[in-house]
Amino acid sequence: MEMNEYQIGQQDFNLPHDLVQLPSGGIFYNSKKKAVKVGYLTATDENILINTNLKKSIRESLILPLLRSKIYEKDLRPEELLEGDVEAILLFLRNTSFGPEYNVSLTDPSTDKFFTTSVLLDELNIKRTEQKPDENGNFIVTLPRSKSTVKLKLLSLVEQMEIDKMINSYPEGRIPPTVTWRLAKNIIELNGDTDKGKIAIFSENMPIADSKFIRNFLRENEPRLDLNKEVIAPSGEKVMANITFGVEFFRPFF
């Protein structure tokens with residue numbers, strides 16, 4: 001019987017690996033692991049990289065198979081990981097295989113011409129956050145417009161993938177309600193009530209001010225790497241480069 005990526009990655013914890021520090025510090029997981037053992041990419045992993053199905057989301061087709069293959073931990077499954085921790089592991093895999101130099105294409109604001117420059121991925125810092133979650137990894141906030149009190153959670157990799165699949169299966173030509181789908185997953189308690197149906201209805205009818213507040217709050221308080229890097233354009237002006245984890249990030253693998 002053929003083993004899946006997770007079984008392959010777990011069969012021998014003594015394979016060459018290193019410890020990758022998690023930006024979250026493990027506070028959102030039951031195991032509370034602050035670092036995870038991550039193996040190095042090998043020739044075998046090229047099968048995952050080369051056969052990536054780009055018709056599916058990058059999380060489903062490439063990121064999750066890689067994590068299942070390379071994370072050597074029994075009590076922390078890749079599906080549980082938060083986005084910021086996933087990014088830290090992906091950076092480790094890329095840096096140890098191809099080096100930290102990453103090329104980006106940007107527009108010079110003085111000339112409106114495209115230029116290409118490089119940033120060093122190993123120089124990215126962890127973004128500091130002000131708010132700390134409770135013992136269960138959740139945040140409790142009062143919304144500015146409706147004055148409702150909500151308990152919020154950050155989404156795991158598998159929850160992000162669920163939204164990706166809903167988007168991909170949505171009727172062509174119609175705009176998927178991505179914002180309300182995400183809010184319904186972020187909110188786990190509304191004024192002390194955990195009823196998912198009520199939370200879904202509240203998410204659909206939420207004032208824009210409250211929706212924006214939740215998105216900004218979670219973005220500002222999710223532990224992750226600072227993926228913005230300042231570079232100098234040919235004209236001498238400063239430009240912010242943003243590191244993204246789409247297909248271009250994995251281009252060196254192909």
>> Using the salt bridge (charged side-chain N to carboxylate O under 4.0 Å, His left out) definition, which of the options K33, K37, R68 pairs with E73?
In response: K33
> Taking C-beta and beyond as the side chain, do I188 and L152 meet within less than 4.5 Å on heavy atoms?
Replying inline: no
>> Treating N191 as the side-chain partner and T149 as the backbone partner, does any N or O pair qualify as donor plus acceptor under 3.5 Å?
In response: yes
> Taking Y102 as the fixed residue, which of V119, N95, L91, D122 is the one that meets the side chain to side chain contact (heavy atoms under 4.5 Å, CB included) rule?
Replying inline: V119
> Could you walk me through whether I232 and V239 pass the side-chain contact (heavy atoms from CB on, under 4.5 Å) check?
Replying inline: CA-CA 6 Å; I232 305 299; V239 182; over 6 Å; no
>> If the threshold is 4.0 Å, N to carboxylate O, is there a salt bridge linking E123 and K229?
In response: yes
> Within the side chain of S169, is there an N or O that forms a donor-acceptor pair under 3.5 Å with the backbone of K165?
Replying inline: yes
>> Side chains of P133 and N138, heavy atoms from C-beta outward: is any pair under 4.5 Å?
In response: no
> Is the Y40 ring parallel, tilted or perpendicular to the F92 ring (thresholds 30°, 60°)?
Replying inline: tilted
> side-chain contact (heavy atoms from CB on, under 4.5 Å) with T116: which residues, sequence neighbours excluded?
Replying inline: N103, S105
> Going by heavy atoms in the side chains, are V36 and L76 under 4.5 Å from each other?
Replying inline: yes
>> With a sphere of 6.0 Å drawn around NZ of K113, does it hold more than 12 non-hydrogen atoms of other residues, nucleotides or ligands?
In response: no
> Within a strict 4.5 Å, meaning less than it, do heavy atoms of the E222 and L82 side chains meet?
Replying inline: yes
>> Under the salt bridge (Lys or Arg N to Asp or Glu O under 4.0 Å) definition, can you give me all pairs with a residue in residues 147-162, not counting sequence neighbours?
In response: K151-E189, K153-E159, E162-K185
> R182 and T178: side-chain donor and acceptor closer than 3.5 Å?
Replying inline: no
> Which residues satisfy the side-chain contact (heavy atoms from CB on, under 4.5 Å) test with I199, sequence neighbours excluded?
Replying inline: I187, L190, S203
> With respect to R59, which candidate in L64, I163, D164 satisfies the side chain to side chain contact (heavy atoms under 4.5 Å, CB included) definition?
Replying inline: D164
> Which heavy-atom pair separates P144 from F213 by the least distance, and what is that distance?
Replying inline: CD-CG, 3.6 Å
>> The test is side-chain contact (heavy atoms from CB on, under 4.5 Å); show your working for D18 and T96 and say whether it passes.
In response: CA-CA 10 Å; D18 208 337; T96 54; over 6 Å; no
> Is it true that atom CD of E101 has more than 12 heavy atoms of other residues, nucleotides or ligands lying nearer than 6.0 Å?
Replying inline: no
> Would you say the side chain of E87 lies within less than 4.5 Å of the side chain of I243, judging by non-hydrogen atoms?
Replying inline: no
> Within the distance-only criterion (no hydrogens, no angle test), does the side chain of D210 pair as donor or acceptor with the backbone N or O of M206 below 3.5 angstrom?
Replying inline: no
>> Minimum heavy-atom separation for P176 and I167, please, with both atom names.
In response: CG-CG2, 4.2 Å
> Are E237 and S110 linked by a side-chain donor-acceptor pair shorter than 3.5 Å?
Replying inline: yes
> Is any side-chain heavy atom of L121 closer than 4.5 Å to a side-chain heavy atom of R94?
Replying inline: yes
> Counting distance only, does the side-chain N/O of N125 pair as donor-acceptor with the main-chain N or O of L225 below 3.5 Å?
Replying inline: no
> Under 30°, 30 to 60°, or over 60°: which ring-plane class applies to F28 and F139, parallel, tilted or perpendicular?
Replying inline: tilted
>> Between N221 and T129, do the side chains contain a donor N or O and an acceptor N or O under 3.5 Å apart?
In response: no
